[in-house]
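Since the structure comes first, as structure tokens, the remarks are kept for the end.
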Protein chains: 2
Amino acid sequence: MPPRGKVGLREIAKAAHVSIATASRVMNGNGRVDPKIQKVVLAEARKLGVTPSQQFKSRTLAFLLSNRAMLHAFHSRILSGAEAHCAARGWDMVFLSYHYSPHTPWNELHLPRVIARRDLIRGVILAGTNSTNLLELLLHKGITFSLLGNNVMGEQARIEKCDVVYADDIQGGFDATQHLLRLGHRSIWFVGNDRLPWFARFLQGYRRAMLESGLTPRESTVDSDKDTECGFLGTKSLLARGEEVTAIVAGNDEVAGGVYKALRDRGLSIPQDVAVVGCDDTVGMWLFPALSTTREFPEQLGKSLVEAVLRRIETPDQDPQSITVPTEFIRRDSCGRPPQVLEELTQDAMHGSPI
Amino acid sequence: MPPRGKVGLREIAKAAHVSIATASRVMNGNGRVDPKIQKVVLAEARKLGVTPSQQFKSRTLAFLLSNRAMLHAFHSRILSGAEAHCAARGWDMVFLSYHYSPHTPWNELHLPRVIARRDLIRGVILAGTNSTNLLELLLHKGITFSLLGNNVMGEQARIEKCDVVYADDIQGGFDATQHLLRLGHRSIWFVGNDRLPWFARFLQGYRRAMLESGLTPRESTVDSDKDTECGFLGTKSLLARGEEVTAIVAGNDEVAGGVYKALRDRGLSIPQDVAVVGCDDTVGMWLFPALSTTREFPEQLGKSLVEAVLRRIETPDQDPQSITVPTEFIRRDSCGRPPQVLEELTQDAMHGSPI
DNA sequence: TGACTGTTGTGAAAATTTTCTTTAGCTTTA
DNA sequence: TAAAGCTAAAGAAAATTTTCACAACAGTCA
């Protein structure tokens, strides 16, 4: 149906039997519009051959990093990937960080002003650590967004109504632990801080792997928000208690850095005495010996987040999407067989290929 | 003069004897307007108590990272410091990255849309690698900004007309080299890439220190934009040529990481065989042995950049400011006395306190 | 030199967004 | 239980931005 002449809000409004103001509100994602009316307007617009993205002047997304000090290389790379994909699709992107409490009711949260100005920002990407009150607010204001699902606190039901992208770090924790188990380790400890949500999923994977092998998950958790400190203290206290340990699963690479320091302090060598794995592949390659860790493809996460929000802008009434980006375990030099297994191997004069 | 009733574009246009459209163009910075008329409109607007940015009283700064992949921990920390200081002063901040060629004439550069909108962004902080054409453009458009001076290409004269903040990395390079000289090193090499502007100033400090001690600066430079690779290859080729070397000044911490790898490959130990220093204090603490490096107080730089631009917003007609933030040399475990000196010390049975 | 062409800069008008008002459906309260 | 008060949602009106058309000017080519 080739529309003759210009097709503007006036025509759409007429076709949908609403005012121009309402048509404007629907097409640029502004203000609150009854979902029913929204649907009608979009349908009419489509009939006239107008999709939202053609309509808009501002092709800019906002990347909102919530409740983070933003120093983390991991998030920096997500942003980087998002930016690259934006550029490739002809969109701009601004980044801002935002701090809020998960306990503030949604209607008392005050969004950064730029986000609220919707003539500029067409969609938002939520990364960092979020909670459902912010989701509520954005939903309420009718702001289009996609969400990094890994660190969200609150009811799962609410989250599932959004477009969510996950890094599969549960599987990552599982794979990392599996690797250690295959090498013959049995005394495998988790070091991190289970109070912080970004360790929780990795820890969950660790637990599953341990339980599936009939072992008890054992955690040395320190409530500090400095990752390195957390790893250092967690390991120290574990060694001080005289626990048996041949391998350590660190909550992330920075934690692993602290673990390294503590082991070295005790004169233990890596990987001969203790094997270590990390998560996130941030500083792992700088450690010595180079850390075996879990790569999470942060650039890919960024790309998926952009894709999700652009898809939502194009077709506002589709069902919520959920995307999971896989992880990869990277073998470097921080894992070997545990001492006992090595001895047995030598005694039996076996020559199986090293795992 | 308190204007009665609303003051909008209609009133401003009337006072300046132009059309509303022109007033709009001036006030939001879109479209081309004759500078004379622009001036008249702004003057009338001010008389009516409306400055372009106050109109919507947006208190937002933009942090523009130019021509960088943004992964660098160093810039991430500048941003972090800027953000914190903004928040403390009640301002918002958005971050965006921007790529442009130093060779594009200023009037052909196209700024990110958000920046151009004065109703949103009252000031800009320029970090990353910049060139004078962008400064020209901002100056022309009348956009307030402050500038991180360390990586700017172009005439010094133009730069000095802006509010500039420097990290004193020339001094940093000098101090780092001094430290090695005091330890007794004489065969000190610089490893980096002298084509990249962010190594240039540190290198300059190194050179000065060498020359002042009557030594010839010696550089092994590799034209790669991957820092680690640059350090690795630079060191490898230097060793392959059989050059005498007891200490290496690496262009930054990532480069030092590559240097470590190359030394280790050759079976040389740090600091016994070769001393290494880095710059920027990014990954230095993760290396083993921990890297002695130069701290540049990036958070402080961010804070100073914000202060500079806010000062300029407050008092637009003050003289250009130039601020230099000092650096600090951090001693960790990567530097010792050179082998010959140690021998002498032992032979002479001296017991001077270690430097 | 004069016609042609392209570039600016402007106001008028059209399009769009935002604000203001009204209405209808709830909830609260006396 | 009815009046008062609230809130969401939509239209009307105002404000603002963008498009369009046109004039003024500069350069170019026959």
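Here is how names work: the chains are called A, B, and so on, in the same order as the sequence lines, proteins then strands, and each is numbered from 1.
- Atom CD1 of B:I12 is separated from atom C1' of D:dT17 by 15 Å (rounded to the nearest Å).
- Residue A:I20 contributes atom CD1, which lies 14 Å from atom C1' of D:dA10 at whole-angstrom precision.
- Regarding A:K36, its NZ atom lies at a distance of 11 Å from the P atom of D:dA9, rounded to whole Å.
- Separating the NE2 atom of A:H17 from the C1' atom of D:dA10 is a distance of 16 Å, rounded to the nearest angstrom.
- Going from atom CZ of A:R10 over to atom P of C:dA13 covers 15 Å, rounded to whole Å.
- Counting only heavy atoms from C-beta on, A:D34 has its side chain closest to D:dA10 among C:dT10, D:dG11, D:dA10.
- Nearest approach of A:I159 to A:Y166, heavy atoms of both residues: CG2-OH, 4.1 Å.
- Of the two residues near DNA chain D, A:P35 and A:A21, the one whose nearest nucleotide lies more 5' is A:P35.
- Note on A:S19: every side-chain N or O is 4.0 Å or more away from OP1 and OP2 of D:dA12.
- Between A:A15 and A:L48, the shortest heavy-atom contact is CB-CD1, 4.3 Å.
- Residue-level contact check: A:S24 touches the bases, meaning some heavy atom is under 4.0 Å from a base atom.
- Only one option out of A:L148, A:L147, A:V152 pairs with A:N150 in a side chain to side chain contact (heavy atoms under 4.5 Å, CB included); it is A:L148.
- Taking atom CG of B:L9 as the reference point, atom P of D:dT18 lies 12 Å away to the nearest angstrom.
- Side chain of A:S24 to main chain of A:I20: no donor-acceptor pair is present (N/O by atom type, distance under 3.5 Å, no hydrogens or angles).
- Spacing between atom CZ of A:R25 and atom P of C:dT18 amounts to 10 Å, rounded to whole angstrom units.
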